[in-house]
Amino acid sequence: MVRIGIIGLGNMGRSHSRNIFAGKIPNGKLAAVCDNDPKKLEWLKEMGHEEVKTFTDAEEMYKSGEIDLVLIAVPHYFHPPLAILAFSYGLNVLSEKPAGAYAKQVREMNEASEKTDKVFGLMFNQRTNPVYRKLRQLIQNGELGKIKRITWIITDWYRTQVYHDSGAWRSMWKTEGGGLLINQCPHQIDLWQWLFGMPKRIKAFAGFGKYRNIEVEDEVTAYMEYENGAIGTFISSTTEAPGTNRLEIACEMGNLIIENNEITFKRMTVPEPEFNANATIGFQTPDVWECKIPPLRGAENSQHVGILNNVIDAIEKGTPLLAKGTEGINGVKIANAIHLSAWTDKWVDLDTMDEDEYYNMLQEKIKNSTYVKNLNEQVNDTTGTY
Ligand SMILES: NC(=O)c1ccc[n+]([C@@H]2O[C@H](COP(=O)([O-])OP(=O)(O)OC[C@H]3O[C@@H](n4cnc5c(N)ncnc54)[C@H](O)[C@@H]3O)[C@@H](O)[C@H]2O)c1
């Protein structure tokens, strides 16, 4: 049994605890929990789980010898320092998404992880979705041919003002480090880089507190270019209802769309360049078959439970990780580049992006903030579908 210690008994910490208590993690047990707000720890009593050791200081939990794996479920800024400290105590780490708020701190976390032989995973639960896993397989097997254009409209992360007012740390530069890019969209940004790789450069536009009383972004449009000429547009919002989640890929073999968790491939019988080379009529169009592609066979959409079980299997049996911790820097770099481009109205090249420049600009935002939070402490459960 892998002994799990959770840090942060808020929405996600409680959700992970419930999964463990419900027996969904057969080779893991909840050995300890840490929250720096002692009131949060009372929840364990309410759940009838007084056997779980409690701590108000993470380092005390790390030192206690009670745990093998720490699951970090606190606000984003704390993910890297708590992971680095955990590695120094020889613990395995599973951190909630995002890997961190800015690339410079995530890089330090990755460097610390590389000095240990411990397992380091990230809670990118949407990587378990058999639909995206199938798409990844199709891309890797060359079924799509060269990708020309990727468009992801992901606007079904609707959040009301109550959500932003529900936690002292939410939606402020100082305590969250960003808005939808760092809270809701890390899943899609991670899937984007996992499926298509890293873009070369980004030009982005964002609305900061455009429709909500927040200081971070609630609307983003990012245009990305790839080394091989492919382009991408990532459009997101947390204030549009009803929202859309539509990923469309224009490729040499046709047009692939994921919407409503279904893959539709409008597949041409020959690759478009070949069709064009042989065409004899100006307005001729290729024959197209509309195919419904089933999700990855045998794969379960196991989400958070799947990632936690996978990390436990990695500790016990060396099973490859579905979401390696060190890969988290890619999504953070994309999110940081989008901020930087929107702030400066300039292109940002991902390879040469200045992580210090980003960090310094973020500190300026924090220093110059005039935002006043209207905290609503009555609301303490904001977990939606992630
Ligand atoms: N994977 C997902 O689907 C998913 C979903 C929701 C949230 N998250 C992530 O989980 C993290 C937490 O989000 P949440 O909604 O649970 O927040 P939350 O505010 O509900 O809970 C955070 C908890 O951490 C505690 N805490 C804060 N700093 C601490 C510290 N230094 N040491 C110990 N405890 C500390 C707080 O007291 C609070 O109980 C975020 O990074 C968020 O992005 C992931």
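Side chains included, hydrogens not; waters and symmetry mates left out as well; all remaining heavy atoms used. Counting starts at 1 for both ligands and their atoms, in listed order. The model shown is predicted, which means the values in this text are computed figures rather than measured ones.
- Contacts between K40 and ligand 1 below 4.0 angstrom, taking non-hydrogen atoms only, involve the side chain exclusively.
- When non-hydrogen atoms are compared, ligand 1 lies under 4.0 Å from the backbone of H76 as well as from its side chain.
- Nearest-heavy-atom check against atom 26 (N) of ligand 1 across D37, N36, I72, V33 picks out N36.
- For N183 (side chain) and P98 (main-chain N/O), no donor-acceptor pair under 3.5 Å exists by modelled atom type.
- Residue G167 places every heavy atom at 4.0 Å or more from ligand 1.
- For the side chain to side chain donor-acceptor pair (under 3.5 Å) condition, the pairs that include at least one residue of residues 338-347, sequence neighbours left out, are K203-D345, E217-H339, H339-Y358.
- Judged by the shortest distance from any of its heavy atoms, R14 lies outside the 4.0 Å radius around the atoms of ligand 1.
- If you number the atoms of ligand 1 from 1 as listed, the ones under 4.0 Å from a heavy atom of G10 come out as 16 (O), 20 (O), 21 (O), 23 (C), 39 (O).
- For an aromatic pair to be called close, the ring centres must be under 6.0 Å apart, and F234 with Y223 fails this.
- Checked against a 6.0 Å centroid threshold, the rings of W152 and Y132 count as neighbours.
- W173 and F208 have tilted rings, their planes meeting at an angle from 30° to 60° on a 0 to 90° scale.
- In summary, the atoms of ligand 1 found under 4.0 Å from a heavy atom of M123, numbered by their order in the structure, are 1 (N).
- Counting atoms of ligand 1 from 1 in the listed order, those under 4.0 Å from a heavy atom of N125 are 1 (N), 2 (C), 3 (O).
- The N/O atoms of H304, backbone and side chain alike, include one that comes under 3.5 Å of an N/O atom in ligand 1.
- The main-chain N or O of A230 is never found under 3.5 Å from a side-chain atom of E225 such that the two would form a donor-acceptor pair.
- Of the listed residues (I307, V74, L82), the one carrying the non-hydrogen atom nearest atom 11 (C) of ligand 1 is V74.
- Here is the list of ligand 1 atoms found below 4.0 Å of a heavy atom in H79: 41 (O).
- Within the structure, ligand 1 lacks F124 among the residues with a heavy atom less than 4.0 angstrom away.
- Annotation: H49 is not in aromatic contact with W43 [ring centroid separation under 6.0 Å not met].
- Geometrically, ligand 1 and F78 share no nitrogen or oxygen pair separated by less than 3.5 Å.
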